[in-house]
Chemist: 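One structure coming up, written as structure tokens, with questions to follow.
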Amino acid sequence: MSKPPETDNRMEKIVSLCKRRGIIFQSSEIYGGIGGFWDYGPLGAELKRNLRDTWWRAMTRERDDVVGLDATIIMHPAIWKASGHVDTFADLMRECTISNKRVRADHVEPQSGSIMRFKSAKAPTGWTLDREVTILMRQGEHIESFRKRVRQLIAQNAGAAAGKPEDIELQGEEKIEVVERSVDFHPESGGLLNEARPFNLMLRTYVGPTATENDIAYLRPETAQAIFAQFRNVCDSSRVKVPFGIGQIGKAFRNEVTPKNFTFRSREFEQMELEFFIKPDEAVKLIHGKVTAWSEGADLSEPKPDWGWEMWHRYWVAQRTAYYASIGLGADVLDYYWQSRNDLAHYARACVDILFKFPFGTDELEGIAARGSFDLTQHQNHSGKQLEYFDEELKAACDAMTPEQKSSFVAETFSHRTTPHISLEEITATCDKLFKGLYIPHVIEPSAGLDRLALAILANAFAEEEVTDEKGKSEIRTVLRFHPRIAPVKVGVFPLLKNKPELVAKAREVVAMLRPHMAVFYDETGAIGRRYRRQDEVGTPFGITIDFETLGEGDGSQKETVTLRERDSMEQKRIPISKLLPFLLEKIL
RNA sequence: GCGGGCGUAACUCAGUUGGUAGAGUGCAACCUUGCCAAGGUUGAUGUCGAGGGUUCGAAUCCCUUCGCCCGCUCCA
């Protein structure tokens, strides 16, 4: 998140358009809605389906090194223990009793100072605070500046009712005791923290009708873990060879504290995730004698056998960028955030966020993480099942090595270790596995949000432009400039007038011809200009109008031709009906 | 969860000191040999977010609740 929000109400207009034209509705609206859940209407469902298809095509069908998976939303709860979600998604949180700000219980910095208590507070506005306030006066903090700080803090949280901070009168000040390195006070406000309580971001449910504690299960907070859990089965059944990937699209659920920005942060959302498994760098080294590392300007167009994880990571960033370009999100609207060492989760080696410039700020569309072998290792340890991959090529390479070469490899691996506390024994064990052709693959994880993508596509497509007609009257044209490939409706077909049966019949013929190949919308009501604009508003890229020339009127030279109108330029041209299908198919595939 | 703002037709919004709803757009039907929200005629639509209270009477006042938007811990 960065960039100041735009001053115009672009986002509101998009939300309004989405509702009015059946793209996105609030879930359960007739019952007052439910926070963080959104439905896709007729056009939104088409849009989302198109997006989902482009991902699936680009990531699985058009590649020979990626296969698909479609796993359940509810899985064995142990999966979430192994993945770390039970622990990291169920942090103990404590709240400041004054500011209500939350902190993770294990993230409270110890502080020293005097515990102060105020019995109550009141303001000239008539506002009163009738409860005790306990707050830490930090070591070295001047009593007056401390009181000023307390007033400000109280005023901030009382809202407008309390008036100006300096007018607040603190009552019954009392010094309780002096404490050293206490973790009971909020790091910023200094206010007393309440009891720690669990804060679970995973949605729970019960499997089985008894619904006891033993039946607790979770709705998956990400689709990725199923891929790791089924890694063995995919390997055993699909004749895949590392490097290869498993892709999956599906729903995921998170009990977000603050759903916001329309569909951007929802509690139920859809992910498109790829886990791309690669050989550990050590295996690459053993096979090829070297590992190609990333350098500026490296050729990422075709994967090479001697690539190390860094190259693969960069490769996927490039692939995903090309994907976004193919559906209309170019370099001008995207941004990248390379996480620093400090941002990274302990198991991640690198992570890049691909960001989109939303009207409410630049925010994440996709994260591409290099996760090492963390996940598979975790599942191997927790499940007790072997998740190592047997690499024939590696085995053959190692069989050709002398014992001396092997021991010098171990020594070299140890001296170049990236994990500081790892022992020589552990390194030796791992290397012995490698010499037998065994390793746990490392993984590159491009993980994208489908709903976020849909929102980005909408925000990117939304345009209001001023058009001036021949009479010099100007007005606003609302248009969604979807790439034809992902537009919910590809073409609108219109008889110029609906009270002429010949025109209607011909238009119906054109619809029947196109319908098996694409989403077509037929409209005969109102004036032709209105029908064009209606389609502009939902992003239909082409409009076809059947007129009397189509039927052979006039000099007959335009028989069997129609007007083809292009959404963005609003230009019209005459095209034979027989050429419509090839023309349109070329644009939308 | 806390603070601030908001909730009236499909959408955008009016609605006076309490007297049971209005505009524009859109939508529907018909007319029109004509291509950029064209023109004409006709028409439909609201538990005033929900529940409760005060009152002879509530969109309007009070309480509760739900949702949305903006700020605090989130990373698809």
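A, B, ... follow the sequence lines: proteins, then strands. Residue 1 opens every chain. We use all heavy atoms of the structure for the numbers below, so side chains are in, but hydrogens, waters and symmetry mates are not.
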Chemist: Identify which nucleotide among B/rC31, B/rG34, B/rA76 has an atom closest to any side-chain atom of A/Arg254, counting heavy atoms from C-beta outward.
Modeler: B/rA76
Chemist: Between B/rC36 and A/Gln572, counting only base atoms on the nucleotide and side-chain atoms on the residue, is there a donor-acceptor pair under 3.5 Å?
Modeler: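 Such a pair exists between side chain and base.
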Chemist: Taking only the side-chain nitrogens and oxygens of A/Lys500, find out if one of them lies under 4.0 Å from OP1 or OP2 of B/rU33.
Modeler: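 Yes, such a contact exists.
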Chemist: Please state how far atom NZ in A/Lys260 lies from atom C1' in B/rG1, giving the value in whole angstrom units.
Modeler: 15 Å
Chemist: In whole Å, measure the gap between the C1' atoms of B/rA58 and B/rG1 for me.
Modeler: 32 Å
Chemist: Would you indicate, yes or no, if B/rU32 has its OP1 or OP2 atom less than 4.0 angstrom from a side-chain nitrogen or oxygen of A/Asn499?
Modeler: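 Affirmative; the distance criterion is met.
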Chemist: Have a look at A/Arg530 and say if it touches a base, only the backbone sugar-phosphate, or nothing, with a 4.0 Å heavy-atom cut-off.
Modeler: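 Counting heavy atoms under 4.0 Å across all strands, the contact made by A/Arg530 is with sugar-phosphate only.
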Chemist: Counting only heavy atoms and a strict 4.0 angstrom limit, can you tell me which residues of residues 553-569 of chain A come near RNA chain B?
Modeler: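 A/Glu553, A/Thr563, A/Arg565, in order of number.
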Chemist: Is the aromatic ring of A/Phe548 within stacking range of B/rU33, meaning centres under 5.5 angstrom and planes under 30 degrees?
Modeler: yes
Chemist: How close or far is atom C1' of B/rU47 from atom CD1 of A/Ile30, stated in whole angstroms?
Modeler: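 Nearest whole value for this atom pair: 13 Å.
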Chemist: Are A/Glu537 and A/Arg20 within salt-bridge range, i.e. N to O under 4.0 Å?
Modeler: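 The answer is yes: the pair qualifies as a salt bridge.
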Chemist: Give a yes/no verdict on a cation-pi contact between A/Arg10 and A/Phe462, requiring under 6.0 Å between NZ or CZ and the six-membered ring centre and an angle within 45° of the axis.
Modeler: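 So A/Arg10 doesn't make the cation-pi contact.
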Chemist: Do we count A/Phe269 as stacking onto B/rA76 if the rule is ring centres under 5.5 Å and planes under 30°?
Modeler: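 Yes, A/Phe269 stacks on the base of B/rA76.
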Chemist: From the list B/rC36, B/rC35, B/rA76, which nucleotide is the closest neighbour of the side chain of A/Met570?
Modeler: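 In terms of side-chain proximity for A/Met570, the closest of B/rC36, B/rC35, B/rA76 is B/rC36.
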Chemist: Which nucleotide sits closest to the side chain of A/Lys498: B/rC30, B/rC74, B/rC11?
Modeler: B/rC30
Chemist: P atom, B/rG39 versus B/rG26: distance in rounded Å?
Modeler: 9 Å
Chemist: What nucleotide, of B/rC75, B/rU33, B/rA10, holds the atom closest to the side chain of A/Arg20?
Modeler: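 Among B/rC75, B/rU33, B/rA10, the one nearest the side chain of A/Arg20 is B/rA10.
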Chemist: When you compare B/rU12 with B/rC74, how far apart are their P atoms, in angstrom units rounded to a whole number?
Modeler: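 Their P atoms lie roughly 33 Å apart.
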Chemist: Quick one: pull up CH2 in A/Trp80 and CZ in A/Arg220 and give me the separation to the nearest 0.5 Å.
Modeler: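 Here the interatomic distance stands at 7.5 Å.
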Chemist: Could you run down the sub-3.5 Å N/O contacts of the protein with nucleotides 66-68 of chain B?
Modeler:
unit_1: B/rC66; atom_1: O2'; unit_2: A/Gly32; atom_2: O; d: 3.4
unit_1: B/rG67; atom_1: O4'; unit_2: A/Gly32; atom_2: O; d: 2.9
unit_1: B/rG67; atom_1: O3'; unit_2: A/Gln26; atom_2: NE2; d: 3.1
unit_1: B/rG67; atom_1: O2'; unit_2: A/Gln26; atom_2: NE2; d: 2.6
unit_1: B/rC68; atom_1: OP1; unit_2: A/Gly36; atom_2: N; d: 3.4

Chemist: Rounding to the closest angstrom, what is the interatomic distance between B/rC69 and B/rC36 at atom P?
Modeler: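 These two P atoms come out 39 Å apart once rounded.
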Chemist: Any N or O donor-acceptor pair under 3.5 Å from the base of B/rC35 to the side chain of A/Asp547?
Modeler: yes
Chemist: Between B/rC6 and B/rC63, how far apart are the two P atoms, rounded to whole Å?
Modeler: 15 Å
Chemist: When the C1' atoms of B/rG22 and B/rG4 are considered, how many whole Å apart are they?
Modeler: 30 Å
Chemist: Check A/Val493, A/Asp523, A/Thr545, A/Leu496 against A/Arg531 for a side chain to side chain contact (heavy atoms under 4.5 Å, CB included) and give me the one that passes.
Modeler: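 Exactly one option meets the side chain to side chain contact (heavy atoms under 4.5 Å, CB included) with A/Arg531, and it is A/Asp523.
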Chemist: Using a strict heavy-atom distance below 4.0 Å, which residues from residues 534-546 of chain A are in contact with RNA chain B?
Modeler: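 Within this stretch, A/Arg534, A/Glu537, A/Thr545 sit under 4.0 Å of the strand.
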Chemist: Quantified in whole Å, what is the P atom distance between nucleotide B/rA21 and nucleotide B/rG46?
Modeler: 12 Å
Chemist: Both distances under 3.5 Å, Watson-Crick or G-U wobble: report the partner of B/rC6, or none.
Modeler: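 Pairing partner: B/rG67.
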Chemist: Look at the side chain of A/Leu496 and decide which nucleotide, out of B/rA37, B/rG34, B/rU12, has an atom nearest to it.
Modeler: B/rG34
Chemist: Take atom P in B/rG34 and the same atom in B/rA28, then report the distance between them in whole Å.
Modeler: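 One P to the other, the span is 23 Å.
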Chemist: Watson-Crick or G-U wobble partner for B/rU32, using a 3.5 Å limit on both distances?
Modeler: none
